[in-house]
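Take a look at the structure below.
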Amino acid sequence: MGTALVYHEDMTAARLLWDDPECKIECPERLTTALERLQQQGLEQRCLRLAAREASEAELGLVHSPEYVALLRGTQALGTRELQALSKQYDAVYLHPSTFHCARLAAGAALQLVDAVLTGAVRNGLALASWTPQPEGYCQRILRVQQRSHSSQTRPAAAQVAQGIQYIFEDDPSVLYFSWHRYEHGHFWPHLRESDADAVGRGRGLGFTVNLPWNQVGMGNADYVAAFLHVLLPLAFEFNPELVLVSAGFDSAIGDPEGQMLATPECFAHLTQLLQVLAGGRVCAILEGGYHLESLSQSVCMTVRALLGDPALPLSGPMEPHGSALESLQRVRAAQAPHWVSLQQQGAAPVLSPGTPCPEGRPSPLPPGEPEFKAAVTQAADALSVLLEQLHLHPTPPVRVAAALTVPDAGRALPPGVLCEEGSLPREEAQAWARPREALAQDEALAALGKVLYLLDRILDGQVSSGMAATPAPAAAATLDVAVRYGLSHGAQRLLCVAVGQLDRPPALTDDGRSLWLNIGGKEASAPSMFHVSVPLPVTTGGFLSCALALVLPLAYSFQPDLVLVALGLAHGLRDPQAALLAALLRGPAGGRVLALVDEESTPQLATVLASVLNGEAPPSLGPFSMATPEDTQALMYLRPRLEPRWKMLQRLLECCDLAA
């Protein structure tokens, strides 16, 4: 299965016919520029191109009144003056004789994409949909109008969706709605009280509406990743959706005149990758906002790269969430905790009651003026230049995943697209690295080490993105030690080692800041240093997810490694879906450079599933959600205050404010 790209040239027909500063940003060039960038970067050619169809009026009627559909239908016969007069009756809307046709195409594009994904014709996709008006304002779109047609088979999670979707599904427990948006304590348009954190749905849908209001502008990569790790993903895994719908609004992208946020384009690749671990990878993204053309088009490209399974570029900038973002996250967690076990069990400090106003002394900032906005545009240009330089310096490796296996014919079980690596370091060189480890003296162990180091070399020189290698069980610890030394001496500047099971910390790892050791499976929670962390292996699904989302990924994104080693020791205790999820999640922080070391006695299924997720496939489902044990929760509570001073992505609360007051 591949990635669909749904588009129709007619969606560029509608444009503003009179002078209106509020509406001029909504222009056809948003679509054409995005498509041109996809073509220039060779991404459109890698997708299955589908021509959007018109949604029927019956389909539109699933969520829109007959009067509203008739109103838009009637605009086809109006002249410019009549269209302008009608547009003035609404907030920041312009109408065009092609508006109704474009609206039906936009809705049809979304429907066509969802149908293609749910029928298995494609794995995921993006619909390049045009702006479609709603009486409430230009941020409202005709979107997901046929969602109910699959309701007997799917539980969709709607992420980042326009306000209208909240109203449609606020009492529906089959849809988990998540939205982040510029809010500024209600001072930002459209000033809706129901966009605040304590708007959580109603009736049977209580807890299935999740609003994350940003109360300051300038939120960046760390803030958006923190939102996923500390709110969206815990809820989504507990909800266990069968489909993920993304209103891909790039108002959050750096330089955007409306959002005035600072997320760089590669951030959207990371967020898309994180969503792909849900619902078997069935992700449907539909273009929405985004009004800085270059930032928008590059963000679209990054999203499509992630949908295609390409590794994401490493995130730029410091990975430390803003204080205002942490406050917003805590408000959301407080409002949602009564409805979600995953938020009740993570040991959060005293929570803020829903509806509690922002503490005094934190005035809402006014929107930036002209000088500030010009500075943001300049910053956007600089960020995009850095991105283009990264694309030049770190092109997509020729081989996405390679596997070095020790069992004859094991390569036959590898999924399509995964290279069975046959190369090895020369024996003399492997012997030099093996000394003085006795466990590597045997021919079998030495041969396996040569393959591991050859594969690691290929990852470090950019020929292979990620890899998986098998090692003899008695030599697992020694092989890991050599791999660490080899990586640090052959170009890795920051190496993250995640060891699962009873594996000792390699002597080559020191506290010099170049390496971070995280052992999942230690006897007790401990942090002898900021670069040496151990946590017991969680025994439940909820405990494993809490460990992954509240400890492993925050540490990884804070450390910003350029190489990740994942070592599964003998009797590591992880089920195959858990091991696959761990590997899939760790692709992001290191820009895809992950080497997984597994015991050669592991099941062939484990090797296959690890190779699949490193190749961009979705991990298998973890199964039913079960809450963490008190022991697992206590382990995380013990580690967090000890590690937060160094690793800022572990923060969830504002340290300067007692939110319980």
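All residue numbers in this chain count up from 1 along the given sequence.
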- Query: What do the steps show when you test Q216 against H322 for side-chain contact (heavy atoms from CB on, under 4.5 Å), and what is the final call?
  - Reply: CA-CA 9 Å; Q216 289 184 355; H322 289 85; 5.5 Å; no
- Stepwise, does the side-chain contact (heavy atoms from CB on, under 4.5 Å) test hold for L232 with L275? CA-CA 9 Å; L232 175 58; L275 290 175; 4.0 Å; yes
- Query: So W340 and F237, ring pair (Phe, Tyr, Trp, His ring centres under 6.0 Å) or not? Walk me through it.
  - Reply: CA-CA 11 Å; W340 297 94; F237 274 108; over 10 Å; no
- Query: Could you walk me through whether D256 and R182 pass the salt bridge (charged side-chain N to carboxylate O under 4.0 Å, His left out) check?
  - Reply: CA-CA 12 Å; D256 189 272; R182 182 177 171 184; over 6 Å; no
- Message: Show, in sequence, the C-alpha distance, side-chain angles and deciding distance for H532 and N519, and conclude whether the side-chain contact (heavy atoms from CB on, under 4.5 Å) test is met.
- Response: CA-CA 8 Å; H532 182 180; N519 178 222; over 6 Å; no
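Looking at W517, its side chain never comes within 3.5 Å of a backbone N or O of D504 through a donor-acceptor pair. Not a single donor-acceptor pair under 3.5 Å links the side chain of R587 to the backbone N or O of V594. Side chain of Q578 to main chain of T541: no donor-acceptor pair is present (N/O by atom type, distance under 3.5 Å, no hydrogens or angles).
There is a side-chain donor-acceptor pair under 3.5 Å between E266 and T264. Q298 and Q41 form a side-chain donor-acceptor contact under 3.5 Å, judged by distance and modelled atom types alone.
When side chains are defined from C-beta on, R485 does not count as touching P506, because their heavy atoms never get closer than 4.5 Å. P415 has its side chain out of reach of N615: every pair of non-hydrogen atoms, C-beta onward, lies at least 4.5 Å apart. Considering only heavy atoms from C-beta on, P321 comes within 4.5 Å of Q651 through its side chain. Two residues are said to be in side-chain contact when any heavy atoms from C-beta on lie closer than 4.5 Å; L38 and C301 meet this criterion.
Among residues at least two apart or in separate chains, ring pair (Phe, Tyr, Trp, His ring centres under 6.0 Å) pairs with a member in residues 483-509 are W433-Y486, W433-H490, Y486-H490.
Annotation for Q260 and V217: closest pair O-CB, 3.4 Å, computed over non-hydrogen atoms.
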Side chains of residues 553-564: which donor-acceptor pairs under 3.5 Å do they make with residues two or more places apart or in other chains?
unit_1 : atom_1 : unit_2 : atom_2 : d
Y557   : OH     : H270   : ND1    : 2.9
S558   : OG     : P554   : O      : 2.8
S558   : OG     : M649   : N      : 3.0
Q560   : NE2    : L315   : O      : 3.3
Q560   : NE2    : G317   : O      : 3.4
D562   : OD1    : Q493   : N      : 3.3
D562   : OD1    : R494   : N      : 3.1
D562   : OD2    : Q493   : N      : 2.9

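Using a 30° and 60° split on the angle between ring planes, F250 and F268 fall in the perpendicular class, above 60°.
Qualifying salt bridge (Lys or Arg N to Asp or Glu O under 4.0 Å) partners for E617, counting only residues two or more places apart in sequence or in other chains: R123.
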